[in-house]
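The structure under discussion appears below in the form of structure tokens.
Note that the structure is predicted; figures quoted are calculated from it, not measured. All heavy atoms count here, side chains included; hydrogens, waters and symmetry mates do not.
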Amino acid sequence: MQMKINNDTYEVITSQDITNIEKAVDKSSLTMPLVAVYCGSRLGNHEVYEQAARELGLALAQNGMGLVYGGASIGLMGAVADEVVNGGAQAVGVIPTFMLKHEIAHNQLTRLHLTDTMHTRKTVMAEYADAFITLPGGLGTLEEIMEIATWRQLYQHEKPMIILNINGFYDRMIEHLAYTAEQGFMKQEDLARLVVCNTIGEAIEMLKTVVTIDDAVDTEKMAGSES
């Protein structure tokens, strides 16, 4: 299946393709580890969020790390990608075809993938990623970091997961997760794997010590494929 965007033709990765994820995602030409950044397709109501997104993108590039993200050119997503690209690092975007009605795909990425579903998108991003960082965002952002944390809880990956708590944005969520563990619905060790960083510097220092080339993702046990 193919789709054309601005005179460029793209293969659309499908749920069937990701049953052989290493064939669907060719990382052989990548020269640096990629960090998956989950964040909003909006900028939010305070300048601090866009500033943080741009600072993170530049810091990743300056420290030899690239980006895998949702592929859009808008909101915090576009801000992170802009700075990674401008910093000379590799940036991979992954966007479902139906989202192109709502979000404009970034046109300066190292690589852009189109997918048939959100499940396929998330699996492709997880395969590319050597670590995961969450900036502020809405429902989609929350869903993404909670799902990847669940996959870690189920031993489907062993990659670092960071909540970047800019402007105290995630204070209430962090408090609720602690309460969840306190009430016996989550193990303390699973909670501890979601590392909270309050500054870009903290997050980068952690990534520099733990990010390596990743292991293969077991897609049969992760998000589930659509029939």
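In this structure, the side chains of Leu207 and Val35 come closer than 4.5 Å at one or more pairs of heavy atoms. Using a 4.5 Å heavy-atom cutoff, the side chains of Thr134 and Ile162 are not in contact. Residues Met206 and Pro160 are in side-chain contact: their nearest non-hydrogen atoms beyond the backbone lie under 4.5 Å apart. Side-chain atoms of Leu164 and Leu56, non-hydrogen and from C-beta on, do get closer than 4.5 Å to each other. Side-chain atoms of Tyr128 and His113, non-hydrogen and from C-beta on, do get closer than 4.5 Å to each other. Met65 places none of its side-chain heavy atoms less than 4.5 Å from the side chain of Leu34. Between Ile13 and Ile18 there is a side-chain heavy-atom pair separated by less than 4.5 Å. Looking at heavy atoms from C-beta onward, Leu76 lies out of side-chain contact with Thr141 at the 4.5 angstrom threshold.
The shortest non-hydrogen separation linking Pro96 to Arg121 is CD-NE, 3.4 Å. Taking each heavy atom of Ala89 and Met32 in turn, the nearest pair found is CB-SD, 3.7 Å. Taking every heavy atom of both residues into account, Ala91 and Val85 meet most closely at CB-CG2, 4.0 Å. Considering all non-hydrogen atoms of both residues, Gly70 and Met125 come closest at N-CE, 4.2 Å. The two residues Glu202 and Val196 have their closest heavy-atom pair at OE1-O, 4.4 Å.
Lys122 has no carboxylate O lying under 4.0 Å from a charged side-chain N of Glu144, or vice versa, which leaves the two without a salt bridge. Using a cutoff of 4.0 Å between basic side-chain nitrogens and carboxylate oxygens, Asp190 and Lys187 are not scored as salt-bridged. Comment: Glu22 does not engage Lys27 in a salt bridge, judged by the lack of any side-chain N to carboxylate O separation of less than 4.0 angstrom. Between Arg54 and Glu50 a salt bridge is recorded (basic side-chain N to carboxylate O distance below 4.0 Å).
Not a single donor-acceptor pair under 3.5 Å links the side chain of Gln153 to the backbone N or O of Ala149. Side-chain N or O atoms of Asn86 include none that pairs as donor or acceptor with a backbone N or O of Glu83 at under 3.5 Å. In this structure, the side chain of Arg193 does not engage the main chain of Met161 through any donor-acceptor pair within 3.5 Å. Using modelled atom types, one side-chain atom of His157 and one backbone atom of Ile148 make a donor-acceptor pair closer than 3.5 Å. In this structure, Asn165 contributes its side chain and Tyr170 its backbone to a donor-acceptor pair below 3.5 Å. Put simply, the side chain of Asn63 gets close to the backbone of Ala59: a donor and an acceptor are under 3.5 Å apart. Remark: side-chain polar atoms of Lys159 are paired, donor with acceptor, to backbone N or O of Ala129 under 3.5 angstrom. Although no hydrogens or angles enter the test, the distance criterion places no donor-acceptor pair under 3.5 Å between the side chain of Asp17 and the main chain of Ala24. In this structure, Glu103 contributes its side chain and Ser73 its backbone to no donor-acceptor pair below 3.5 Å. The closest donor-acceptor contact from the side chain of Glu175 to the backbone of Met173 lies at 3.5 Å or more, if one exists at all.
Annotation: Gln16, atom CD; neighbour count of heavy atoms from other residues, nucleotides and ligands within 6.0 Å does not exceed 12. When the shell of 6.0 Å around CD of Glu189 is examined, it contains more than 12 heavy atoms from other residues, nucleotides or ligands. At most 12 heavy atoms of other shown residues, nucleotides or ligands fall within 6.0 angstrom of atom OH in Tyr179. Counted within 6.0 Å of CG on Asp26, heavy atoms from surrounding residues, nucleotides or ligands total more than 12; the atom is thus considered enclosed.
The CG atom of Asp171 sits 14.5 Å away from the NE2 atom of His176 when rounded to the nearest 0.5 Å. How far CG of Leu60 is from CD of Glu55: 10.5 Å, rounded to the nearest 0.5 Å. We find the OG1-CZ distance between Thr180 and Phe185 to be 8.5 Å, quoted to the nearest 0.5 Å. From Ile200, atom CD1 reaches atom CD1 of Ile166 across 4.5 Å, with rounding to the nearest 0.5 Å. Here CG of Leu100 is found 5.0 Å from CE of Met3. Values are rounded to the nearest 0.5 Å. A distance of 11.5 Å separates CD1 in Ile133 from OH in Tyr38, rounded to the nearest 0.5 Å.
Both Val12 and Tyr10 are members of a single hydrophobic cluster when ILVMFWY side chains are connected at heavy-atom separations under 4.5 Å. Cluster annotation: Leu67 and Ile74 are assigned to distinct hydrophobic clusters (Ile/Leu/Val/Met/Phe/Trp/Tyr, side-chain heavy-atom contacts under 4.5 Å, transitive). A single hydrophobic cluster is not seen to contain both Val80 and Ile104; linkage of ILVMFWY side chains at heavy-atom distances under 4.5 Å, directly or through other members, places them apart. No continuous path of ILVMFWY side-chain contacts below 4.5 Å connects Val48 to Leu58, so the two sit in separate hydrophobic clusters.
No side-chain N or O of Thr120 forms a donor-acceptor pair with one of Thr123 less than 3.5 Å apart.
Checked against the 6.0 Å centroid criterion, the rings of Phe169 and His46 do not qualify as a close aromatic pair.
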Derivation and outcome, side chain to side chain contact (heavy atoms under 4.5 Å, CB included), residues Tyr69 and Val94: CA-CA 6 Å; Tyr69 82 118; Val94 188; over 6 Å; no

Pair Ser29-Gln90, side chain to side chain contact (heavy atoms under 4.5 Å, CB included): steps then yes or no: CA-CA 10 Å; Ser29 63; Gln90 294 175 314; 5.8 Å; no

Stepwise side chain to side chain contact (heavy atoms under 4.5 Å, CB included) test for Leu135 and Tyr49: CA-CA 8 Å; Leu135 282 167; Tyr49 300 129; over 6 Å; no

Worked check of side chain to side chain contact (heavy atoms under 4.5 Å, CB included) between Leu109 and Val92: CA-CA 6 Å; Leu109 303 176; Val92 175; over 6 Å; no

